[in-house]
Amino acid sequence: MDKIKINLLPPEIREFAKKRNQKALLVKVSILMLILLVIGTSLLLSVVVFQRGTISDLDGSIKQLEVKITTLKQKEVILSVLKNRFTNISKLENTPAKQAETFNLITAIVPQGVDIISLTLDKPESLLLSAETTDMNLLQELFNNLTDPKVHEGKIIAATIESINKRANNKVHFDLTIKLK
Amino acid sequence: MKNPLTLLKKSETVNQIITSPVYVKYNLIIAPAVILVMSLLIIFLVTVPQFYNLLEIYKTIEQLKQKQSFYDSKASSLEKIPEDNYQNYLETALIALPADKDIPGSISQIVSIVGSSGLKLNNISLGNPAVSEGQLNDFTVRLEVGGDFDQVKGFLENSKQIARLNKLQSISITGSPGKTALLAEIVLQVFYQTLPKNIGSIDEPLPQITDVDLKLLDDIKSKVGVIKEESVAPEGAKGKFDPFN
């Protein structure tokens with residue numbers, strides 16, 4: 001048969017004991033939280049210290065590699081100068097002289113029988129041509145060539161006749177200014 | 001040993017505190033409040049700054065690892081470079097684009113093609129523009145030649161075949177009507193590039209020599225061969241050996 005338990009303590013004492021237990025529990029929980037916080041912060045600090053060590057190791061390794069690269073500087077200099085030269089040579093070779101192209105074009109479109117007296121090609125965008133011929137058909141052919149984009153491949157924008165005259169020897173002399181693309 | 005009277009006084013003070021109405025009212029939360037304040041101080045003065053510090057450290061480590069990897073690959077690439085071969089490549093490239101004007105060399109090549117084109121050289125003069133350190137520079141060679149149109153065209157074609165980099169700057173031709181003989185004033189730009197005083201920093205990537213570069217090198221070598229052949233065996237060439245006569 002179960003014994004009957006009767007708490008004969010006064011209610012004030014019981015209330016006091018209850019509050020004391022609550023307080024003790026709250027303090028324990030608070031201390032536990034503080035301990036956890038301290039442990040967490042300590043771990044964090046340990047990781048920071050460890051990672052600083054990693055940084056130090058990496059710095060050392062990088063310094064060694066820098067020394068190694070410095071000892072190979074001669075090779076790097078050769079390679080850099082060589083590459084720079086190749087780049088510039090390639091750039092120059094891939095941009096052909098416009099004057100040379102224009103000269104070839106003009107000499108190709110001036111028909112045989114038209115005598116070139118002077119040809120000046122000192123600007124990339126224009127040239128001066130003085131020529132003469134006795135054959136009006138050749139002159140017509142030249143003018144046709146100058147105005148036909150199929151012949152000059154669209155490289156001539158405009159051709160201006162500066163002067164044209166027929167001389168005593170039956171030759172037609174003309175001066176042209178040709179504007180180039 | 002402490003004085004019992006002092007201890008008694010202290011005990012009385014403690015009793016006064018713990019029986020004070022404020023203590024009685026707040027005694028339940030005093031200890032947790034003190035711990036909370038301590039916790040907050042730890043969090044804001046230590047934990048949070050160290051957390052951000054750790055993030056920075058990880059970022060730094062990542063950067064250092066990248067740098068280490070870059071240096072490592074650069075060092076191993078440099079080790080693999082056959083220095084003698086590249087020295088030869090550079091010497092060949094310097095024929096096309098020398099480090100100085102090399103006026104005798106360039107004039108020799110130009111005069112050689114004037115001769116092989118069949119033109120007569122009447123005069124030759126040099127222009128002397130300003131020099132920029134480490135940059136692409138040029139000087140002009142003004143040629144006054146006599147011949148016919150085909151020879152001038154031949155000269156312009158041949159000028160592309162010399163190893164030394166050059167470009168036609170201007171051409172002016174005057175001729176007498178009805179005669180094939182004409183006078184031409186040809187201005188060629190001849191290029192050179194001084195050597196740089198400083199080569200890029202250690203952090204710059206290593207330039208790569210590509211197949212296109214090696215093809216360019218072969219082109220230069222073949223042009224050097226052409227010039228050598230022309231100067232060694234002028235009889236086989238199309239034009240005159242001495243361009244002044």
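All of these numbers come straight from a predicted model, not from anything done at the bench. Throughout, a chain's letter reflects where its sequence line sits, starting with A, and its residues are numbered from 1.
Heavy-atom distances place the backbone of B:Gln208, and not its side chain, under 4.5 Å from chain A. Contacts of B:Ser39 with chain A are made by both backbone and side-chain atoms, with heavy-atom separations under 4.5 Å. Both the backbone and the side chain of B:Gln68 come within contact range of chain A, each with at least one heavy atom under 4.5 Å from a heavy atom of that chain. Proximity to chain A (any heavy atom under 4.5 Å) is shown, for B:Ile57, by both the backbone and the side chain. Contacts of B:Asp213 with chain A are made by both backbone and side-chain atoms, with heavy-atom separations under 4.5 Å.
Annotation: ring pair (Phe, Tyr, Trp, His ring centres under 6.0 Å) contacts of B:Phe191 (sequence neighbours excluded): none.
Chain A forms more heavy-atom pairs under 4.5 Å with one residue of B:Ala75, B:Ala31, B:Ala184 than with any other, namely B:Ala75. Of the listed residues (A:Asp122, A:Thr41, A:Ile69), the greatest number of heavy-atom pairs within a distance under 4.5 Å of chain B belongs to A:Ile69. For the set B:Ile43, B:Val46, B:Leu54, the entry with the most heavy-atom pairs within less than 4.5 Å of chain A is B:Leu54.
The existence of a salt bridge linking A:Lys155 and A:Glu153 is confirmed by a sub-4.0 Å separation between a basic side-chain nitrogen and an acidic carboxylate oxygen. In this structure, B:Lys59 pairs ionically with B:Glu56, as a charged nitrogen and a carboxylate oxygen lie closer than 4.0 Å.
Aromatic ring orientation, A:Phe174 versus A:Phe143: perpendicular (interplanar angle above 60°, classes split at 30° and 60°).
Heavy-atom proximity under 4.5 angstrom to chain B picks out A:Lys19, A:Gln22, A:Lys23, A:Leu26, A:Val27, A:Ser30, A:Ile31, A:Leu34, A:Leu37, A:Val38 from residues 11-39 of chain A.
Annotation: side chain of B:Ser69 is not in contact with side chain of B:Gln66 (no heavy-atom distance under 4.5 Å).
Counting only N and O atoms by type, the side chains of A:Glu141 and A:Asn137 include no donor and acceptor under 3.5 Å apart. Side-chain contact of B:Asn158 with B:Ser117: a donor-acceptor pair under 3.5 Å is present, judged by distance alone.
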